[in-house]
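The structure under discussion appears below in the form of structure tokens.
These numbers were taken from a predicted model, which means no experiment stands behind them. Quick note: residue numbers are just sequence positions, from 1. First listed ligand is number 1; within each ligand, the first listed atom is number 1.
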Amino acid sequence: MHRGVYFDAWFPRQHCYHPSLPPRRLRMVDDLVDYRATVLVWASMGGGSLALPYLEQEAFGPVDARSRFYGFVNDSEFIAACHERGIKVLGIVFEAQGWEFPVELSEDEDEVLALNELRGAGKRDWMGLREFSSNRYPKLWRPVEHYFPDGLVNSDGEPVTDLIEECVVRDIDQQPCHAHWVECPDREHQCFYMDRNNPVWREYLKAVIRIQIDAGVDGIQLDEAELPMGAFQYGACFCKDCMKGFRAYLQGLKPSQVDIALDGVDLATFHYGEWLLERGYDFRSGRETTPLFGDYYAFQCRAIKTYFAELAGYAREYARSAGREIVVSGNFFNLEPMYLALADDVDLIITEMRNTTYRQPEWYRYVAAFAGDKDVVVVENPYGGVVPELIGLLAEGKGHDLFRLSLFEAAALGANMSVPYGSWMGSVIEDSFYAPHGLASEIQAFLADHEHLFARRTVNEVAVVFSVAATRELIGRADASDNTTNRRDESVVVPYRAVTSALAGAAVPFDVVIWADGVTAPDRATAGELERYSTVVLPDVHLLTEAQAAAVEGYLAGGGTVVTTDRVAGGLPRHERLRSAGRTSVDDLLPHGRQVETPVPVAANLQRLADGSVALHLVNYDYDAAADAVRTLTDVPLRVRLPEARRHATVVSSDGKRTALEVTREDGAHLVVLDRLGVYSIVVFHDGEL
Ligand SMILES: [Zn+2]
């Protein structure tokens with residue numbers, strides 16, 4: 001499993017400015033070695049969103065003697081230094097960002113005197129994608145033709161001289177949209193929200209990828225992978241290429257699939273934006289109930305899959321042409337279902353959480369399901385969660401157990417939570433997130449030294465189905481706020497969330513099975529993926545595809561037990577092992593009883609290790625704010641049902657201590673008592689040596 005570092009390395013007590021990351025120093029590599037880092041995410045060369053010559057400067061630019069004195073290096077040199085220590089570096093492609101910065105220049109425009117942070121020197125102007133694409137600064141930057149010898153031509157066959165005007169996302173009134181979440185409100189800089197559906201922008205992003213690969217990256221991370229769907233929050237996108245694409249999508253539908261609202265409409269000239277405006281819709285309010293929204297959503301899902309795959313394929317192919325294999329990843333924000341179809345195109349799953357809290361075991365089980373057999377690296381989010389508060393505590397020398405919990409929780413539940421290294425604090429807070437060095441080193445050393453006690457495969461008896469179709473509307477309502485607040489409307493009950501939270505809160509180890517709807521992503525439901533579970537819970541799964549209904553039937557026929565909550569899909573067979581339960585009635589959700597029984601407030605996960613042993617991961621959330629520590633629980637009884645009997649049990653606690661436990665067996669269950677349970681322990685049930 002990867003141990004990721006969220007390596008923006010932004011400065012303390014200063015804005016986290018996109019798209020450019022601060023110069024790297026050799027000393028940072030030593031820190032990363034202490035963190036036992038295997039991969040750096042959001043790590044290198046973001047400057048392509050400003051201009052390609054600027055990106056080249058990040059990658060290969062000269063470093064003066066004074067900077068060398070403190071070990072400053074350019075990014076290609078930094079990557080080489082990481083390679084010497086076995087650390088992989090991903091180049092970050094900010095796909096949705098198109099930047100314009102205030103700049104101060106010498107009289108001859110042959111020197112940048114200030115950029116972004118001005119100081120009242122020289123001539124004031126602008127510097128960014130517009131100036132790059134119009135060859136505005138010939139003494140500073142190579143011409144655009146150097147990078148695109150055939151020039152840039154748009155889908156109307158016109159030459160492009162202003163990348164922003166050409167590629168920006170537009171709302172229904174054709175106004176350009178901004179990527180507000182990265183613009184610092186007290187700065188003049190502007191970040192436009194760009195659109196990958198525009199072929200010109202894809203050509204530009206490919207040039208960014210080429211430069212990053214030339215600089216030696218181990219992989220390409222495509223951030224904001226859902227563009228332009230992230231601009232729905234701004235009432236977009238109605239740019240010419242989205243309108244062309246949607247028109248083609250509608251024309252490709254079978255007549256029976258075309259919405260009745262389009263009766264008598266000439267699809268050859270159809271313009272969705274104009275059509276909506278004529279009917280009084282603005283795509284800002286009540287978007288989900290706007291006419292043709294379902295079709296438009298399906299079109300955009302197909303578009304993001306197509307164009308993400310195009311860039312992923314291009315990156316691999318370009319690297320191969322240079323004799324190298326790279327990994328491709330993205331940012332699948334909160335692992336929302338729209339990214340499911342994109343997961344096939346990546347080697348490593350990376351996700352930014354929507355709401356970082358002190359306790360989210362059920363979310364991590366979803367993450368593990370989404371990732372399947374791929375590694376997954378999670379990063380925290382400064383908005384709508386506990387991160388600013390946690391940073392405040394850490395700055396006062398407090399909150400160490402809370403930080404430990406955040407990393408151990410992920411590991412226990414099948415994911416990797418990255419270590420922050422100057423990571424993002426949003427565009428308002430003037431600070432970046434560094435963990436106390438000793439604390440981060442201690443946690444990471446435990447995880448690295450006990451790698452053999454972690455596995456993706458589980459022996460959990462219960463699976464909970466996450467149905468994309470059945471949850472979409474409720475989750476859409478609960479999580480409707482924009483991405484600078486990430487507020488969650490707790491008054492909207494999402495039964496899937498209620499069930500998984502109840503189970504996780506009762507120390508029930510479970511897996512999640514994600515069922516896509518065939519539109520957002522391919523529907524791959526089979527009875528085979530369910531058969532190893534004794535119980536499958538269907539929370540509010542009121543819609544089933546044919547394949548999903550067949551999976552339920554096949555699973556029941558094979559002897560499985562199905563528990564439904566809330567709404568039930570029509571067409572399910574009557575069956576003695578198909579029953580219903582209240583969404584938070586844990587015992588009713590578990591007709592076969594609890595696999596793990598313990599009276600303490602822990603989350604549990606049963607991982608099947610490579611040698612056949614089983615590791616019970618226990619996360620203790622009993623944080624006492626007054627003492628600023630997780631209470632150490634004593635004499636903790638555990639009763640654990642395993643697929644097969646194991647002779648020995650050994651507990652490994654997160655301080656590195658290991659203790660053999662006495663095991664008694666009773667009705668197929670293993671009974672042990674832990675003398676002490678701190679923040680995190682792993683109880684291994686094994687036959688041979690551990
Ligand atoms: Zn568009």
Quick check for you: to the nearest 0.5 Å, what is the distance between S49 atom OG and E100 atom CD?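 It is 12.0 Å, given to the nearest 0.5 Å.
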
Under a 4.0 Å threshold between the charged nitrogen and the carboxylate oxygen, would E490 count as salt-bridged to R497?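 Not counted as a salt bridge, because no side-chain N and carboxylate O are separated by less than 4.0 Å.
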
Inspect the contact between D344 and R524 and indicate whether a charged nitrogen and a carboxylate oxygen are less than 4.0 angstrom apart.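 Yes, this pair counts.
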
May I ask you to establish whether R279 and Y281 are in a cation-pi arrangement, using a distance under 6.0 Å from NZ or CZ to the six-membered ring centre and at most 45° from the ring axis?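 No cation-pi geometry.
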
For E325, give me all partners under salt bridge (Lys or Arg N to Asp or Glu O under 4.0 Å), at least two apart in sequence or on another chain.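 Listed in chain order: R320.
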
Mind checking whether W99 and H18 have ring centres under 6.0 Å apart?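 Not close enough - the centres of the two rings lie 6.0 Å or further apart.
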
Could you pull out the N/O/S protein atoms under 2.8 Å of the Zn ion (ligand 1), ignoring any water?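 N, O, S partners closer than 2.8 Å: D195 OD2, C237 SG, C239 SG, C242 SG.
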
